[in-house]
Amino acid sequence: MSDQVYIEDLGQHVDQEVTLKGWLYNKRSKGKLHFLIVRDGTGIAQTVVFKGDVSPELFELAGHLTQEASIIVRGQVRADERAPGGYEIGLTGLELVAAPTEEYPIQPQEHGTGFLMDHRHLWLRSRKQNAILRIRSEVIFAIHEFFHLRGFTHVDSPVFTPNACEGTTNLFEVDYFDDKAYLTQSGQLYAEASAMAFGKVYCFGPTFRAEKSKTRRHLTEFWMVEPEMAYGTLEDVMQLSEAFLCHIVARILEKRRPELEVLERDLAKLEAIQAPFPRLHYDDAVKMLNEGGIDFEWGGDFGAPDETLISEKYDRPVLIHHYPRAIKAFYMKPDAENDKLSLSVDVIAPEGVGEIIGGGQREDDLQVLEAKIAEHGLPEEAFKWYLDLRRYGSVPHSGFGLGVERTVAWICGVEHVRECIPFPRMLYRLTP
RNA sequence: UCCCCGGUAGCUCAAUGGUAGAGUACACGGCUGUUAACCGUGGUGUUGUAGGUUCGAGUCCUACCCGGGGAGCCA
């Protein structure tokens with residue numbers, strides 16, 4: 001049918017005869033009226049079947065449709081304040097493509113998280129989940145757009161790796177023919193190599209952590225975007241992450257407002273995301289915690305409650321920089337002015353989502369890096385190629401990693417990252 | 001790995017140690033404007049598993065399994 005339209009475009013077809021192809025989301029009947037609520041992946045729309053307007057067979061068919069029946073409906077679009085979304089279709093034609101062979105398990109009522117996660121493949125059809133994942137798609141598009149507009153080259157890093165980037169624990173080990181390999185936990189080392197070849201690069205892909213974490217911020221498989229800039233400094237990374245987050249949020253506000261409304265997101269909180277972001281030296285963050293009544297000792301890393309206390313003081317993301325060297329990865333460059341500190345930065349999202357960005361300036365001196373690798377007990381052989389980057393034209397460089405699911409959770413105002421990826425992989429959950 | 005909570009009908013949940021129930025979904029009937037519509041009629045259980053205490057266990061005890069929330073670690 002050539003006049004098929006999508007529900008998100010209904011407003012452009014008022015008073016026209018159109019065809020919708022979709023599924024029955026819900027149905028309400030009242031005597032000589034059936035209200036068929038149809039979804040097509042772009043939204044939901046109400047269609048009205050009036051007994052006087054259609055054949056008895058069609059009215060009977062409409063009355064017996066069950067939830068998630070796949071249907072093609074035809075009728076005239078009209079504006080009506082009583083219709084959800086403001087538009088409805090006066091139905092004149094109805095084709096049942098396939099009736100469900102069994103009762104659809106997910107109903108318009110409360111369900112438990114475990115049940116919904118077991119039915120994730122169907123849960124995706126629900127309004128809220130649909131909105132979250134459409135926003136995720138837009139976030140990913142905005143990420144690519146941002147870097148391309150700034151002259152970054154997209155260079156992907158491998159998923160199979162021979163070694164750990166940040167230590168050997170928490171890696172998924174897999175058989176690799178007669179050898180062992182690990183699923184990557186970061187593409188950074190490869191992004192560094194790419195930056196030496198292309199200048200400004202970013203890699204984007206799934207990463208894996210075999211941490212036995214059971215919290216609303218953790219997945220065992222999550223997506224990370226990691227830009228890396230040759231000749232970049234800590235300051236460059238801080239400016240880039242600020243502009244990056246502003247760009248993403250602006251894009252979502254521009255293009256995904258209907259989805260944000262489905263999620264009942266407070267738009268004012270997103271509209272507040274403008275540069276500059278507050279910057280907090282690690283020392284000052286520690287002071288802030290102590291003044292806030294948390295017994296925190298200098299030198300430690302911040303836990304979830306610490307991050308929440310800090311982020312609650314601001315209405316936009318906070319950049320915390322110059323963390324102690326001891327709690328950061330081996331490749332972080334020390335601060336020339338204070339050997340105990342590193343040229344590192346974490347970005348804490350507002351509203352309790354926690355850290356969404358971690359990055360900094362990398363160690364570019366061969367001898368220092370060799371010593372660090374030995375000090376961390378890492379296998380020198382595995383890092384031979386990485387050290388080549390310091391042998392052949394080493395330059396200062398910096399970059400960061402952004403966790404996509406946490407970013408989507410923050411933008412959507414969703415409690416748990418498991419709803420921010422189509423098929424989450426978590427501790428104790430591998431299906432569907 | 002540690003701490004806390006839970007597991008009863010397809011789903012959401014009730015049930016002083018004493019006959020295992022309601023709402024919802026589904027089916028049929030009624031109503032021309034419903035917003036998770038409403039009204040009437042219709043039936044569903046190895047109470048997570050295995051032991052134990054008891055005249056009697058969904059309920060108390062022990063172990064295990066599964067799930068949820070949080071911590072640590074991280075994005």
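Every chain is numbered from 1, with letters handed out A, B, ... down the list of sequences.
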### Task
Quick one: list whatever passes side chain to side chain contact (heavy atoms under 4.5 Å, CB included) with R134(A), sequence neighbours left out.
E8(A), T42(A), N130(A), R256(A), E259(A)
For nucleotides 42-46 of chain B, list the nitrogen or oxygen atoms of the protein found under 3.5 Å from its nitrogen or oxygen atoms, one pair per line.
none

### Query
Can you name the ring-ring contact (aromatic ring centres under 6.0 Å, His included) partners of H148(A), sequence neighbours left out?
Y202(A)
### Task
Please collect all side chain to side chain donor-acceptor pair (under 3.5 Å) contacts where either partner lies in residues 301-317 of chain A, sequence neighbours excluded, each pair once.
R217(A)-E307(A)
### Task
Look at all strands and tell whether T66(A) reaches a base, only sugar-phosphate, or nothing, counting heavy atoms closer than 4.0 Å.
sugar-phosphate
### Task
Could you check Y190(A) against W385(A) for ring-ring contact (aromatic ring centres under 6.0 Å, His included), going step by step and ending with a plain yes or no?
CA-CA 10 Å; Y190(A) 298 94; W385(A) 69 266; 4.8 Å; yes
Pairs under 3.5 angstrom, nitrogen or oxygen only, protein versus nucleotides 10-12 of chain B, please.
unit_1	atom_1	unit_2	atom_2	d
G10(B)	N2	Q107(A)	OE1	3.0
G10(B)	N2	Q107(A)	NE2	2.4
C11(B)	O2'	H111(A)	ND1	2.6
C11(B)	O2	Q109(A)	NE2	3.0
U12(B)	OP1	G112(A)	N	2.9
U12(B)	O4'	E110(A)	O	3.4

### Message
Under 4.0 Å between a side-chain nitrogen and a carboxylate oxygen: does that hold for D339(A) and R325(A)?
### Response
yes
### Message
For a quick check of understanding: with a heavy-atom distance under 4.0 Å over all strands, which category does I106(A) fall into, base, sugar-phosphate or nothing?
### Response
nothing
### Message
For T220(A) and R425(A), which I'm curious about, is there any donor-acceptor pair between the side chains at under 3.5 Å?
### Response
no
### Message
Let's test your reading of the model: under 3.5 Å, does the base of G33(B) pair with the side chain of E81(A) as donor and acceptor?
### Response
no
I'd like a table of atom pairs between the protein and nucleotides 1-7 of chain B - only N or O on both sides, under 3.5 Å - with the distance next to each one.
unit_1	atom_1	unit_2	atom_2	d
U1(B)	OP1	K212(A)	NZ	3.0
U1(B)	O4	K212(A)	O	2.6

### Query
Is F35(A) stacked on the base of G33(B), with ring centres under 5.5 Å apart and planes under 30° apart?
no
### Query
Is there any side chain to side chain donor-acceptor pair (under 3.5 Å) pair reaching into residues 23-33 of chain A, and which pairs are they, with sequence neighbours excluded?
S29(A)-H34(A)
### Pairwise P distance, C13(B) and G6(B) [rounded to whole Å]
13 Å
### Summary
ring pair (Phe, Tyr, Trp, His ring centres under 6.0 Å) pairs touching residues 288-307 of chain A, sequence neighbours excluded, are Y282(A)-W298(A), Y282(A)-F302(A), F296(A)-F302(A), F302(A)-Y323(A)
### Query
So what does R418(A) hit on the nucleic acid, given a heavy-atom distance under 4.0 Å: a base, only sugar-phosphate, or nothing?
sugar-phosphate
### Phosphate contact (G70(B) OP1 or OP2) by R216(A) side-chain N/O below 4.0 Å
yes
### Euclidean distance for P, G56(B) against U46(B) (whole angstrom)
24 Å
### Message
What's H416(A) touching, base or sugar-phosphate or nothing? Going by heavy atoms closer than 4.0 Å.
### Response
sugar-phosphate
### Query
Hey, does the side-chain of R406(A) have a donor or acceptor N/O within less than 3.5 Å of a partner on the base of C74(B)?
yes
### Query
Across the strands shown, which category fits D80(A) at heavy-atom distances under 4.0 angstrom: base, sugar-phosphate, nothing?
base
### Task
Check side-chain hydrogen bond (donor to acceptor under 3.5 Å, both in side chains) between Y386(A) and all other residues, then give those that pass, not counting sequence neighbours.
E192(A), R390(A)
### Query
Are the charged groups of R136(A) and E405(A) less than 4.0 angstrom apart, N to O?
yes
### Message
Test of understanding: with side-chain hydrogen bond (donor to acceptor under 3.5 Å, both in side chains), list the residues that count as partners of Q12(A), not counting sequence neighbours.
### Response
none
### Query
Taking atom C1' in both U16(B) and C60(B), what distance in whole Å separates the two?
13 Å
### Query
In what stems does RNA chain B take part, counting only runs of at least 3 consecutive Watson-Crick or G-U pairs whose two distances fall under 3.5 Å?
B:1-7 with B:65-71, B:10-13 with B:21-24, B:26-30 with B:38-42, B:48-52 with B:60-64
### Query
Taking 4.0 angstrom as the limit, do E235(A) and R279(A) come out as a salt bridge?
yes
### Query
OP1 or OP2 of G33(B) less than 4.0 angstrom from a side-chain nitrogen or oxygen of K30(A), does that happen here?
yes
### Query
Checking all strands, does E211(A) fall into the base, sugar-phosphate, or nothing category for heavy-atom contacts under 4.0 angstrom?
base
### Query
Reckon I356(A) touches a base, only the sugar-phosphate, or nothing at all at heavy-atom distances under 4.0 Å?
sugar-phosphate
### Message
Checking F50(A) now: which residues fulfil ring-ring contact (aromatic ring centres under 6.0 Å, His included) with it, not counting sequence neighbours?
### Response
none
### R251(A)/E145(A) ion pair, N-O < 4.0 Å
yes
